[in-house]
Amino acid sequence: MITVTPLPAFDDNYLWLLHRDGLAAVVDPGDGEVVLAALRERGLRLTAILITHHHADHIGGLAALRRVWDVPVYGPRAESGKIPGLTQLLDDGDRVALPELDVSFEVLAVPGHTLGHIAYHEAAQKLLFCGDTLFVGGCGRLFEGTPQQMYTSLQRLSALPGDTAVYCAHEYTLSNLDFAHSAEPGNSALGSEIERVRELRGRAQPSVPSTVQRELQFNPFLRCSQPPLTESASAHAGKPLHDPVEVFAALRRWKDGYKSKIR
Ligand code: ZN
Ligand code: FE
């Protein structure tokens with residue numbers, strides 16, 4: 001079995017280190033020094049780098065890593081012009097096999113946060129590395145894509161097996177859950193999730209990973225067809241919304257301007 005270790009970086013990023021028997025891969029190395037230090041500490045040899053999208057906090061460490069480790073860099077073909085150093089260009093449905101680590105990922109195109117954003121799904125070990133698409137209790141901002149694109153991407157991720165572990169790239173959980181509670185105050189699953197995450201964060205532990213099944217219970221962006229969310233999104237938009245994509249768009253706009261009371 002592979003071990004997945006979060007490497008905290010910047011204010012709230014997680015770079016994900018995958019390792020097994022002295023060999024490693026890293027997902028979204030925003031900070032090269034953080035990854036190099038982790039490899040040194042654990043005595044690991046890097047064998048591959050996986051990129052979800054072109055933002056600096058996900059690729060900023062590529063050059064520093066590649067100076068030390070001459071390994072393949074996998075990432076979205078659609079963003080190859082914005083990611084210097086990509087060596088393996090990926091499209092939807094491609095597979096990334098890392099036999100040294102005994103994992104094989106399917107590539108899922110999940111446009112919305114950026115247009116070329118991809119996620120990596122490992123079906124046998126039930127792992128999902130989804131970058132800035134699906135967060136615990138939330139989803140990424142729509143910097144490049146449309147609400148329809150992001151909605152479809154989130155539907156795709158939430159259709160994966162319920163016990164799939166969701167490894168997202170940021171610790172945004174408490175502020176996400178604060179918004180989720182404003183959007184769906186009657187959801188009892190939210191209360192216990194907020195308690196669970198407060199306790200973890202109080203001990204400086206990550207709230208990530210979550211699971212698909214848990215996200216379906218409280219993540220408002222996966223619950224756009226639920227009547228309480230249709231109602232609260234309609235109230236916020238000031239007009240009745242019927243289509244789940246309209247509900248999603250209204251929730252995303254509402255969240256963009258939402259000032260969380262907790263962090
Ligand atoms: Zn991003
Ligand atoms: Fe990010």
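Heads up: numbering here begins at 1 and tracks the sequence.
Minimum heavy-atom separation, Gly137 to Pro220: O-CD, 3.6 Å. The two residues Thr211 and Gly162 make their nearest non-hydrogen contact at CB-O, 3.6 Å. Contact record, Trp16 with Pro6: CZ3-CB, 3.3 Å, taken as the closest heavy-atom pair. When every heavy atom of Thr164 is checked against every heavy atom of Leu128, the shortest pair comes out as CG2-CB, 3.8 Å. Counting all heavy atoms, side chain and backbone alike, Glu215 lies closest to Ser210 at OE2-OG, 2.6 Å.
A donor-acceptor pair is defined here as one N or O able to donate and one able to accept, closer than 3.5 Å; such a pair exists between the side chain of Ser232 and the backbone of Ala183. Side-chain atoms of Arg141 do not come within 3.5 Å of backbone N or O of Arg252 as any donor-acceptor pair. Checking side-chain atoms of Asn13 against main-chain N and O of His170 turns up no donor-acceptor pair under 3.5 Å. The main-chain N or O of Ala109 is found under 3.5 Å from a side-chain atom of Arg156 such that the two form a donor-acceptor pair. Counting only distance, with no hydrogens or angles, the side chain of Arg66 and the backbone of Val71 share a donor-acceptor pair below 3.5 Å.
A side-chain N or O of Glu144 and one of His54 form a donor-acceptor pair less than 3.5 Å apart. Checking Ser207 against Thr173 by side-chain atom types alone, a donor-acceptor pair falls below 3.5 Å. Side-chain atoms of Thr114 and His55 include no donor-acceptor pair closer than 3.5 Å.
Ring pair Phe105/Phe129 is perpendicular by interplanar angle, where above 60° counts as perpendicular and below 30° as parallel.
Other residues, nucleotides and ligands contribute at most 12 non-hydrogen atoms within 6.0 Å of the CZ atom of Arg45.
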Discussion item. Is there a side-chain hydrogen bond (donor to acceptor under 3.5 Å, both in side chains) between Gln149 and Ser153? Walk through the geometry before answering.
Written reply: CA-CA 6 Å; Gln149 283 175 315; Ser153 296; over 6 Å; no

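Hydrophobic cluster membership is shared by Leu251 and Leu134, with clusters built from Ile, Leu, Val, Met, Phe, Trp and Tyr side chains linked at under 4.5 angstrom.
Pairs of residues two or more places apart, or lying in two chains, that qualify as side chain to side chain donor-acceptor pair (under 3.5 Å) and include a residue from residues 28-43 are Asp28-Thr52, Asp28-His58.
Residue His113 is tested with Phe135, Phe221, Phe143 for a ring pair (Phe, Tyr, Trp, His ring centres under 6.0 Å); the sole match is Phe143.
If you take CG on Leu7 and CG on Leu17, they are separated by 5.0 Å, rounding to the nearest 0.5 Å.
Residues Thr133 and Leu154 have side chains in contact (heavy-atom distance under 4.5 Å, counting atoms from C-beta outward).
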